[in-house]
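Take a look at the structure set out below.
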Amino acid sequence: MTEELYQLPASYGQQRLWLLEQTDPNSSIYSMNVALRLRGPIRPDLLATALTRVVERHEVLRTVIRLHGGEVVQVVRAPEPVPLPVLDVDGGLPGATARAQQWCAEPFDLGQGPLLRCALLRLDADDHILITSMHHSITDGLSLTVMLKDITTSYASLVVGGDGELPELPLQYADYALWQQEHLASGALDPQLDFWTERLADLPPLRLPRDHPAPARPTFDAVTAAVELKGPLIAALREAAPGGGGTPFMATLAAYAAVLARWSRQTDLVVALPIAGRPEPDLEELVGFFVNSLPVRLEVRPEMTFTELLGHVRDRCVAAYSHPDVPFELLVERLRPVRRAGRTPLVQAWLAVLPELPLALGDIPGVALDPVLLNHAQAPFDLVADLLEDGDLVHGQLLGRADLFTAQTVELVARSLAEVLSAAAADPGVTVADLPVVVADERVPSPYDTDEEPELPPPPSTAVVVDDAAEALLRRLWSEVLDRPDVGPDEEFYALGGTSLSAVRVVMEARRHGLELPLEVMLGEHTVRHLLNALPQPVPHS
């Protein structure tokens, strides 16, 4: 059994991902994958040694995430050799890419690990693809580039007779997690927390018209559409905001907000934006989960011109990026938004527009290195725009949850983005109401477009008969977890001060008494009575 070196608090991001994994442990939605094609003579044994050197350097790559004493913790294990199976594949690059995506779909066990898996696909004697798959709790987008740089640097040393060892890091990810908790406990982030609390007060949920009824348990499988926003159009809009200072990202966000507003018929909405979350230079060379989500609230009125909208977007982005350090998970705890099973609190739409930067890889003599794109067609939000910025050109893909939207609807959203930017570039004074938002203008209405979600999910039509002992058990567990003297059967869990973590603690304790609670219901708004009525079978006596 792998030796466990020490246990430390998990970061806020790790806590949230651990919670989300409890709803569907067999999902690979939070896997992050990267592949590198190596054309030329390579030695798999040395490549495995290079991987081992990288895992020795980054403690987070040998970390597991568990619940211990009511708290989510990270447990760092001792270094061990990293296995690198070599798999022969047919069908050239398309066949290898398909095999890689199939291999990466295997879920991780957060508590048992390892949370890093590697394999080498052999297309030919001198043509291989290295694939690495990691759970998001130990990595993020920037970390993937750090990982590839370290692997190739170590391997380049090994092939010329070196030991492949990498410089010791001044910090580890666990140091960052401790700093994050101490920073919050000190009150240093209180002004930022107050900013977000005020900015997001009384936020209405974004209700995008659906093609399918909302499922009781989301799959997060996605339908996708390609997005290409032409550089000349964005260049024409960069200085259109009052006072100038626009960026391709801001022009894209303005178009995205206009599409969402027209499609949902809402003037008040939030789009989640990623931020790197690495405030110190010493963190830039670390692998870990640093990225944070900033929920930027936008006002998109029909009479606004695109120029006015772009200025509004710029101002809101500048304000958001001036308050970047409050973990999204902490905002959810502070704001206590309306919760729905299977939906991310606060935000339902995500936009990432990241610079397309060249990888700084190690120089391996006689070997050409090329990244290989692995599609990951799952969407943790209702709608996700995952885009890259290359100069003024913005391109990538749009993902919509397949259990909510059809592929045709997501294609219409992608078309809408391109046509909105084209119309705005031609006439920045065009109003939001007059923009060509084809998903709002041409989409065939669905019976579920105005399907309002109830305040609480309705109990089954044939509710089980629950006895006094079962109700008493749940009321006792709630009282203990929420630290209250008593809990009534019709009091709402989150209104009493519950959090996602305390909801999971109730589930864990209930299991010890032989009661399997539906976690997807626990993570939405609910009462003891509703929870008992939602059980799939009669409950046992405590």
Side-chain angles (χ1 to χ4, degrees), residues 2 4-25 27-33 55 58-77 107-117 132-144 146-147 169 171-185 189 220 272 274-280 283 286-294 324-334 344-346 380-381 499-505 507-508 519 523:
T2 306
E4 296 183 350
L5 299 179
Y6 41 87
Q7 175 178 294
L8 293 162
S11 68
Y12 270 89
Q14 288 178 324
Q15 290 178 32
R16 177 163 182 76
L17 287 183
W18 183 88
L19 288 165
L20 292 171
E21 283 287 357
Q22 306 316 300
T23 62
D24 188 2
S27 171
S28 61
I29 186 173
Y30 293 108
S31 295
M32 298 196 72
N33 312 307
V55 173
H58 298 276
E59 289 181 354
V60 73
L61 295 176
R62 40 192 165 91
T63 293
V64 294
I65 316 294
R66 296 178 184 154
L67 188 68
H68 178 79
E71 300 294 334
V72 181
V73 298
Q74 51 180 318
V75 180
V76 179
R77 291 173 164 171
F108 289 97
D109 185 329
L110 283 181
Q112 295 300 315
L115 304 185
L116 163 70
R117 287 194 299 263
T132 62
S133 182
M134 292 173 277
H135 192 272
H136 198 358
S137 61
I138 64 167
T139 192
D140 57 19
L142 182 57
S143 296
L144 297 180
V146 173
M147 182 88 173
L169 291 163
L171 294 173
Q172 293 289 341
Y173 183 78
D175 297 316
Y176 162 79
L178 284 171
W179 169 85
Q180 185 186 57
Q181 293 212 352
E182 292 169 357
H183 200 45
L184 289 168
L189 291 185
F220 299 111
I275 188 167
R278 299 176 188 241
E280 299 295 332
L283 301 178
L286 279 182
V287 173
F289 181 29
F290 297 94
V291 68
N292 193 22
S293 297
L294 301 183
D325 300 320
V326 178
F328 179 80
E329 298 73 24
L330 186 59
L331 284 180
V332 173
E333 291 181 16
R334 167 68 73 93
T344 304
L346 288 181
F381 299 88
T499 65
S500 297
L501 181 55
S502 57
V504 174
R505 288 176 59 194
V507 172
M508 299 293 189
L519 184 56
L523 293 178

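Predicted model only: the values in this text are computed from it and were never measured. Residue numbers count from 1 along this sequence.
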Could I get the full list of salt bridge (charged side-chain N to carboxylate O under 4.0 Å, His left out) partners for D175, not counting sequence neighbours? none
Are the ring centres of F328 and Y12 closer than 6.0 Å? no
So, using ring-ring contact (aromatic ring centres under 6.0 Å, His included) as the criterion, who are the partners of H183 when residues are at least two apart? W179
Can you pull the salt bridge (Lys or Arg N to Asp or Glu O under 4.0 Å) pairs that have at least one residue in residues 6-21, sequence neighbours excluded? none
Which distance, rounded to the nearest 0.5 Å, do you find between the CG of L110 and the OG of S137? 5.0 Å
Partners of R278 by salt bridge (charged side-chain N to carboxylate O under 4.0 Å, His left out), sequence neighbours excluded? D140
Starting at CZ of R334, measure out to OG1 of T499 and round the result to the nearest 0.5 Å. 14.5 Å
Derivation of the side chain to side chain contact (heavy atoms under 4.5 Å, CB included) call for I65 and L115: CA-CA 9 Å; I65 316 294; L115 304 185; 4.3 Å; yes
How far apart are the C-alpha atoms of V146 and H58, what are their side-chain angles, what is the distance that settles it, and do they pass the side chain to side chain contact (heavy atoms under 4.5 Å, CB included) test? CA-CA 11 Å; V146 173; H58 298 276; 4.2 Å; yes
Minimum-distance pair of heavy atoms, taken over all atoms of P324 and I275: CB-CD1, 3.4 Å
Residue list, ring-ring contact (aromatic ring centres under 6.0 Å, His included) with F108, at least two apart or on another chain: none
Minimum heavy-atom separation for T63 to I138, with atom names? O-CG2, 4.5 Å
Considering residues at least two apart in sequence or located in another chain, which fulfil the ring-ring contact (aromatic ring centres under 6.0 Å, His included) criterion with F381? W350
Set out, in order, the CA-CA distance, both residues' side-chain angles and the distance that settles side chain to side chain contact (heavy atoms under 4.5 Å, CB included) for Y176 and L171, then state yes or no. CA-CA 8 Å; Y176 162 79; L171 294 173; over 6 Å; no
Out of curiosity, T139 OG1 to M32 CE, how far, rounded to the nearest 0.5 Å? 6.0 Å
On a heavy-atom basis, which atom in N292 and which in D325 lie closest, and how many Å separate them? ND2-C, 4.4 Å
Please name the pair of heavy atoms, one in P9 and one in L178, separated by the smallest distance, quoted to 0.1 Å. CD-CD2, 3.7 Å
Counting N and O atoms only, with roles assigned by atom type, does the side chain of S143 sit under 3.5 Å from a partner on the main chain of G288, one being a donor and the other an acceptor? yes
Between the CG atom in L5 and the CZ atom in R62, the distance rounded to the nearest 0.5 Å is 6.5 Å
Closest non-hydrogen atoms of Q172 and E59, given as atom of the first, atom of the second and distance, are OE1-N, 3.0 Å
Would you call the rings of H136 and F289 parallel, tilted or perpendicular if under 30° counts as parallel and over 60° as perpendicular? tilted
Separation between CG of L17 and NE2 of H135, rounded to the nearest 0.5 Å: 6.0 Å
Run Q15 and E329 through side chain to side chain contact (heavy atoms under 4.5 Å, CB included) and show every step you take. CA-CA 8 Å; Q15 290 178 32; E329 298 73 24; 5.8 Å; no
Got a second to check how far Y6's OH is from R77's CZ, nearest 0.5 Å? 14.0 Å
Looking at every non-hydrogen atom in both residues, tell me the closest pair between L184 and L330 and how far apart they are. CD2-CD2, 3.6 Å
